[in-house]
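Values reported hereafter were calculated over all heavy atoms of this structure, with side chains retained and with hydrogens, waters and symmetry mates removed.
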Amino acid sequence: MSLYDLLLAPFMQFGFMARALAGAVILSLSAGPVGVFLMLRRMSLTGDAMAHAILPGAAAGFLVSGLAILPMTLGGFAAGLIVAVLSGLVSRFTIQREDNSLAAFYLISLALGVMLVSLKGSNVDLMHVLFGTVLALNNDALLMIGAIVTVSLVALALLWRPLVAECLDPTFLRSVSGAGQPVHLLFLALVVINLVGGFQALGTLLAVGLMMLPAAAARFWVRSLEAMCALAIAISVVSSYLGLLVSYHLSVASGPAIILVAGAIYVLSMLFGSRGLVSSHLRPRRHRIA
Amino acid sequence: MSAIRIEDLTLGYDGHPAVHHLDGSFARGSLTAVMGPNGSGKSTLLKGVMGALKPLGGRVVLDGFGRRDIAYLPQLAEIDRSFPAVVADLLALGFWKRRGAFSAIRGADHKEMEAALARVGLSGFERRTIDTLSGGQLQRALFARVLVQDAPVILLDEPFAAIDERTVADLTDLITHWHGEGRTVIAVLHDAELVHASFPQTLLLAREPIAWGATATALTADNLRRARQMVEAWDEQAPWHEHDHDHDHDHRHDHDHDHRHDHGHGPAGQDHDHHHDHPASSRGTH
């Protein structure tokens, strides 16, 4: 097998492979930075909870119109936002902390979603919604992902400084502006639309993988926020490409293959990254004189 | 002329008062130390002035400026030092009021940040990541941010907790400088010696005000001892506060006129004898 056959042919010969790659790469552009902020705000598991929470919305869309992209996307977006806002409100007005109320709401949401899918669909449909089919991305889905990423990048650029302030020194932000609470909610909305963008390709459960794993891996290499975001995007893109290749050549499911490659990059970064295990323990204890 | 007027202010958490019927004012351009034992309501008072805590009773009146004009330095713990930011990022937050959330930090702003860092003895620290700073260095950087904020009113909550002597001396110097510029400064402090040396005004709190006025008359050994006793007495009292809600009205009524008379204008050195009786008489009433 030539190098061309190994690395390029699958994407040149098959439209579905090319579209899958395009979808995953475009998604990486915003999922990477969103993941970095999730991680730095210590909300990694919030992303996971939100991923479960969008299920009933997607399922409702599926009930109404089968596996069509727009209804499922809108449904997922609505469900995610409702859960985010409700858990925010409950934590604000009751003694329950946000992580607890989020856990409560996403579990309710997940159960509702599975029940909705089972009302009409088969196990295959449920698997499709839960784990996605990156190889079935049609042009509509690509356009949707493109739109979501465009909106996300513009929003991230606008929210950048308030977001940084909210992470770094929330008390200070509260003292100079009332932006803290709205920024938090807008950020959760960004998380939700990126998960919704990813679930068509990767499914609701794995969409968060393309967000968190590259961000967590990037942290083992670089220090600054900007570099972390850039590297997270790069790792996402590489994972998408390698994952799809693995999926094609070994005939395994594409979504899990992409996330497993990202997982492998995470483990390697953790071990061998410039700020990883090996380097921080084996490096000679060099230091400057002052 | 007063900058901040406190009118019969009660602040607390879950209905438990931490600041109880406080009356008085911080004059414009004054430099006041807030002293008192742990749990006496010092930090709570600052949060109340900032509007971060809604009063259970009374109010805070800001005269001639808004809440956003206050530079507030909370206790160190609230900053996420693992966040990948450099000292310049931390300082740049100080421009929020002037530049807003979106517009860029300009060349002149960078000059100003450099000058502020030089003023606190951190020249050349712009690109240092905040996780590499010592406690003293971080506090210096935060004082530089207050400089950048250029606020007419500055609230400092225990700025010298766990800070080395040299840093305390340098930053106290900066506070004195702010006072000289006519800014109103309120700082929560623990070191009576430092307060005597550098803070003209003192508010001695023990949930209720023990004394408020010129430091020499307010911050006496006798007053400090009374403050300690007050807080201990309050703690003893705490359990039934929780069980009996009806008493609140009576209790408030009993003591209202006392405070009004004694603290209405807040000069130091008045007779505070009734405070001795407070816990005992309250217990008697109920």
Leu40(A) versus Asp80(B), closest heavy-atom pair with distance: O-OD2, 3.9 Å
Heavy-atom closest contact (Arg174(A) atom, Arg68(B) atom, distance): O-NH1, 3.6 Å
Atom group of Arg41(A) that falls short of 4.5 Å from chain B, counting heavy atoms: neither
Nearest non-hydrogen partners of Ser175(A) and Met50(B), listed with the distance: CB-CE, 3.4 Å
Greater than 12 external heavy atoms within 6.0 Å of Glu181(B)'s CD: yes
Option in Gly94(B), Ser82(B), Ala52(B) with maximal non-hydrogen atom pairs under 4.5 Å from chain A: Ser82(B)
Ring-face cation contact, Phe172(A) with Arg145(B), 6.0 Å cut, 45° max: yes
Minimum heavy-atom distance Trp96(B)-Ala165(A), with the two atoms named: CZ3-CB, 3.6 Å
Greater than 12 external heavy atoms within 6.0 Å of Arg275(A)'s CZ: yes
Per-residue contacts, residues 111-119 of chain B versus chain A, heavy atoms under 4.5 Å: none
Chain A contact via Leu90(B) - which portion, at a heavy-atom distance below 4.5 Å: both
From Asp89(B) atom CG to Asp169(A) atom CG, the distance as rounded to the nearest 0.5 Å: 12.5 Å
Chain B contact via Val222(A) - side chain, backbone, both or neither, heavy atoms under 4.5 Å: neither
Close side-chain approach of Asp131(B) to Arg223(A), heavy-atom, < 4.5 Å: yes
